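Written below as structure tokens is the structure these notes are about.
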Amino acid sequence: MGDDGREIPDQAPRDDESLVRRAKLDALRAAGEEPYKLNFDVSHPVSALTAEFGSLGAGEDVTDVVSLAGRLVAKRDQGRAIFLVLRDGTGDVQIFCRLNVLGEEAFSRIGELDLGDWVGATGTVLRTRRGELSVVPTEVTLLSKSLRPLPEKYHGLADTETRYRQRYIDLIANPEVRDVFLTRFRIVASIRRFLESRGFLEVETPMLHPIPGGATARPFVTHHNALDMELYLRIAPELYLKRLLVGGFERVFEINRSFRNEGISVRHNPEFTMLEVYQAFTDMRGMIELTEALIKNAATEVLGTTTITYQGEVVDLGRNWRRATMIELTSEAADQDVSFARSLDELRGLCAKHEVPVEASWGKGKLITELFEKLVERTLIEPTFVTEYPLETSPLARKITGREELTDRFELIITGREFANAFSELVDPVDQRERFAAQMAAKAGGDVEAMGYDEDYLRAMEYGMPPAGGMGLGIDRLVMLLTDSASIRDVLLFPALRPEA
RNA sequence: GGGCCGUUAGCUCAGCUGGUAGAGCAGGGGACUCUUAAUCCCAAGGUCAUAGGUUCGAUCCCUAUACGGCCCA
């Protein structure tokens, strides 16, 4: 019975194989053996075994005793010999079980093991005549009984729904999936090392925000009972990180989970991982240098190369990355001047011509940005820093002196997709107050993505924020790029799905 | 939100023009002391996603729903 008194249905598996496994479990317990051991002493992970005994020739053996443990992933019964394959976090190894070494009783218990069981083995090392490095055990121990059958050994698990819902099976059955996630973790570790080597501090800032800010996106809303107030899951950590600049932390970064209450697609998950970096006394150009070095470093450290293939397209990350302004790129693609020199009506006409849907409230900056995204973005395959973004769509970026409708900002485009966004930070509190007011006007006009008016952030700025550059990088997208993954779900361990049917 | 596709044994997949379903792997029984997608023999395993409809008869045709995938917004 559950807490509320309702019956909880017994969801234990009922298929024949699971029933057989359950019966084995019960039989073990009845015979006094614990099928879920407390622990096991491992002397050699598989990789260490290979390293230490890899030079053994075919047919050679040694008397060194080793202990290792892993999941049973193959079992080949030869009558008076049984070959097991154990898989641990570092690789696979064969266990060559022989009746004459183990004795009748121990040998028959090995016969009862099922694929998927966690097993420990202790014995000597041998390379078989066929050349397979193996352990010949004197003792084989069931460490944890598996009650459900694994997917098929050869084809693995193919059903996408099961792969995403039950990632643990995907990780067991599909080694290439495991490799993608290993690569992900290495990329994140590489980024941390890179930033720490440059004197950045990794910090943690709130995920529950009283005012959604730092980006333009719909937030998730939640409620704090004790405070009886609405809170928003952060859409970006930007405004808190910049408060730290005010506080005197001059180089900070956060590898953060952020949340946006928007659709799910091959490139969007409601929660996603971003890197945000802030560095005092530099500007957008400093962020260009940092971003380029950080990504090149990650590719080199994790992949060993800066030449990558993404979905059939070869991309060279190794060269100096192109820089071009939004207006020059868009003008080139539209084959005419697309700039603030054009009238609002002319820009609207261009949008109509290129089938870009527009809203009446949009100014020139938003129209130019939309034209850029429609005409240019997907054509930029090689890494390109697109600079000089309109003020209208950049409420936290510093204006370019003397060209007040533009900000000193870039977005990094690779394979036609946005990877990073950075700017010379707006540190002028008077200007920032005006920008927030414009956001409030947009919100009042029905823009659900507009930023909130963050008075405390303004107060912080009024104490003085040092000149700074800041950058945000989509970690999931970077991992997709470096692992040649078509969908963000393939780089998220547990992607968002509807509840099971 | 719209369009297209998918859902068959634990897993991977077949299934013809509508006549109540097959294989391989896994599992069960048996043989085998150097196998490695082991091999060989035997037997078993299905609410064809769910709910309706058409039909003498539906895994198959139609409708709706659920979940998933892809494309578009």
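All values reported here derive from a predicted model rather than from experimental measurement. In what follows, every chain begins at residue 1, and chains take the letters A, B, ... in the order their sequences are listed.
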*Would you say the side-chain atoms of A:Asn256 and A:Ser258 include a donor-acceptor pair closer than 3.5 Å?*
yes
_B:rC41 versus B:rA9 - spacing of their P atoms, nearest Å_ = 26 Å
*Mind telling me if B:rU20 is syn or anti? Syn here is a glycosidic angle within 90° of 0.*
syn
*Between B:rA73 atom P and A:Glu262 atom CD, what is the distance in whole Å?*
16 Å
*Give A:Thr128 one of three labels, base, sugar-phosphate or nothing, depending on what nucleic acid heavy atoms sit under 4.0 Å from its own.*
base
_Heavy atoms only, 4.0 Å cut-off, all strands: where does A:Arg489 land among base, sugar-phosphate and nothing?_
sugar-phosphate
*Value in whole Å for how far the P atom of B:rG10 lies from CG of A:Asp114*: 16 Å
*Take atom CD1 of A:Ile82 and atom P of B:rU39, then tell me their distance rounded to the nearest Å.*
16 Å
*If only side-chain N and O atoms of A:Arg498 are considered, is one of them under 4.0 Å from the OP1 or OP2 phosphate oxygen of B:rA66?*
no
*A:Lys75 near the nucleic acid: base, sugar-phosphate alone, or nothing, with a heavy-atom cut-off under 4.0 Å?*
nothing
*Under 3.5 Å, is there a donor-acceptor pair linking the side chains of A:Tyr389 and A:Asn421?*
no
*Closest to the A:Arg98 side chain: B:rU33, B:rC70, B:rG28?*
B:rU33
*Phosphate OP1/OP2 of B:rG27 contacted by A:Arg21 side-chain N/O (<4.0 Å)*: no
_Please report the distance, rounded to the nearest Å, between NZ in A:Lys24 and P in B:rA26._
13 Å
*Would you please confirm or rule out a distance under 4.0 Å between OP1 or OP2 of B:rG68 and any side-chain N or O of A:Arg165?*
yes
*asked:* Under 4.0 Å, heavy atoms only, any strand: does A:Asp159 hit a base, just the sugar-phosphate, or nothing?
replied: sugar-phosphate
*Please determine, for the side chain of A:Glu152, which listed nucleotide (B:rC11, B:rG27, B:rU33) has the closest atom?*
B:rC11
*Just how far, in rounded Å, is P of B:rC34 from CG of A:Leu99?*
13 Å
*Within the structure shown, what part of the strands sits under 4.0 Å from A:Gly263 by heavy-atom distance: base, sugar-phosphate, or nothing?*
nothing
*Select one nucleotide: of B:rU33, B:rC70, B:rA38, the one nearest the side-chain heavy atoms of A:Arg76.*
B:rA38
*Among B:rA37, B:rU12, B:rU33, the one nearest A:Gln78 by side-chain distance*: B:rU33
*Which is it for A:Ser146 and A:Arg21 under the side-chain hydrogen bond (donor to acceptor under 3.5 Å, both in side chains) test, yes or no, and what are the steps along the way?*
CA-CA 7 Å; A:Ser146 165; A:Arg21 287 172 179 233; 3.1 Å; yes
*asked:* Suppose you measure atom P in B:rU8 against the same atom in B:rU47; what distance do you get, rounded to whole Å?
replied: 12 Å
*Determine: side-chain N/O of A:Arg148 to OP1/OP2 of B:rA26, distance under 4.0 Å, yes or no.*
no
*Could you work out which one of B:rC67, B:rA26, B:rC70 sits closest to the side chain of A:Glu161?*
B:rC67
*asked:* When both hydrogen-bonding distances must be under 3.5 Å and the geometry is Watson-Crick or G-U wobble, what is B:rG68 paired with, if anything?
replied: B:rC5
*G-U wobble or Watson-Crick pairing nucleotide for B:rU36 (cut-off 3.5 Å, both distances)*: none
*Give one of base, sugar-phosphate or nothing for A:Ala74, where a contact means two heavy atoms less than 4.0 Å apart.*
nothing
*Using the P atom on both, measure B:rG2 against B:rU12 and round to a whole Å.*
30 Å
*Figure out the CG/P separation between A:Leu150 and B:rU12, and round it to whole Å.*
12 Å
*If we take the P atom in both B:rG24 and B:rA38, what is their distance in whole Å?*
16 Å
*Span that lies between the P atom of B:rG6 and that of B:rG15, in whole angstrom*: 12 Å
_Looking at B:rG22, which nucleotide sits across from it as a Watson-Crick or G-U wobble partner, both distances under 3.5 angstrom, or is there none?_
B:rC13
*Can you tell me how far P in B:rC48 sits from the matching atom in B:rU7, rounded to whole Å?*
14 Å
*Across all strands shown, which nucleotide pairs with B:rG28 by Watson-Crick or G-U wobble geometry, both distances under 3.5 Å?*
B:rC42
*asked:* Any donor-acceptor pair under 3.5 Å linking the side-chain atoms of A:Arg409 with those of A:Thr387?
replied: no
_Using atom C1' in both nucleotides, what's the gap between B:rU55 and B:rC60 to the nearest angstrom?_
13 Å
_Using a heavy-atom cut-off of 4.0 Å across all strands, would you classify A:Phe96 as base, sugar-phosphate, or nothing?_
base
_Under-4.0 Å side-chain N/O to phosphate OP1/OP2 contact, A:Lys153 with B:rG27_ = no
*Ignoring backbone atoms, test whether A:Arg163 places a side-chain nitrogen or oxygen under 4.0 Å from the OP1 or OP2 oxygen of B:rU12.*
no
*Just compare B:rA26, B:rC34, B:rG24 and give me whichever is closest to any side-chain atom of A:Glu17.*
B:rA26
*Would you kindly say whether A:Glu328 and A:Thr325 are connected by a side-chain donor-acceptor distance under 3.5 Å?*
yes
_A:His44 and A:Glu52 side chains, donor-acceptor separation under 3.5 Å_ = yes
*asked:* Tell me the interatomic distance from A:Asn269, atom CG, to B:rG68, atom P, rounded to whole angstroms.
replied: 12 Å
*asked:* Assess, by modelled atom type and distance only, whether the side chains of A:Gln94 and A:Arg76 contain a donor and an acceptor separated by less than 3.5 Å.
replied: yes
*asked:* On RNA chain B, compare the nucleotides closest to A:Pro151 and A:Arg127; which residue's is nearer the 5' end?
replied: A:Pro151
*Mind calculating the distance between CZ (A:Arg267) and P (B:rC70) to the nearest angstrom?*
12 Å
*Could you check which of B:rU12, B:rC32, B:rG27 has an atom nearest any side-chain atom of A:Ala158?*
B:rU12
_Aromatic centroids of A:Phe83 and A:Phe96 separated by under 6.0 Å_ = yes
_What I want to check is whether the side chains of A:Tyr168 and A:Gln166 have a donor and an acceptor closer together than 3.5 Å._
yes
*With rounding to whole Å, what would you report as the distance between B:rA66 and B:rC32 at their C1' atoms?*
49 Å
*Within the structure shown, what part of the strands sits under 4.0 Å from A:Val85 by heavy-atom distance: base, sugar-phosphate, or nothing?*
nothing
*Answer with base, sugar-phosphate or nothing: what part of the nucleic acid does A:Leu497 contact at a heavy-atom distance below 4.0 Å?*
sugar-phosphate
_Residue whose nearest RNA chain B nucleotide is more 5′ - A:Ala496 or A:Gly131_ = A:Gly131
*Counter-base of B:rG52, judged by Watson-Crick or G-U geometry with both distances under 3.5 Å*: B:rC62
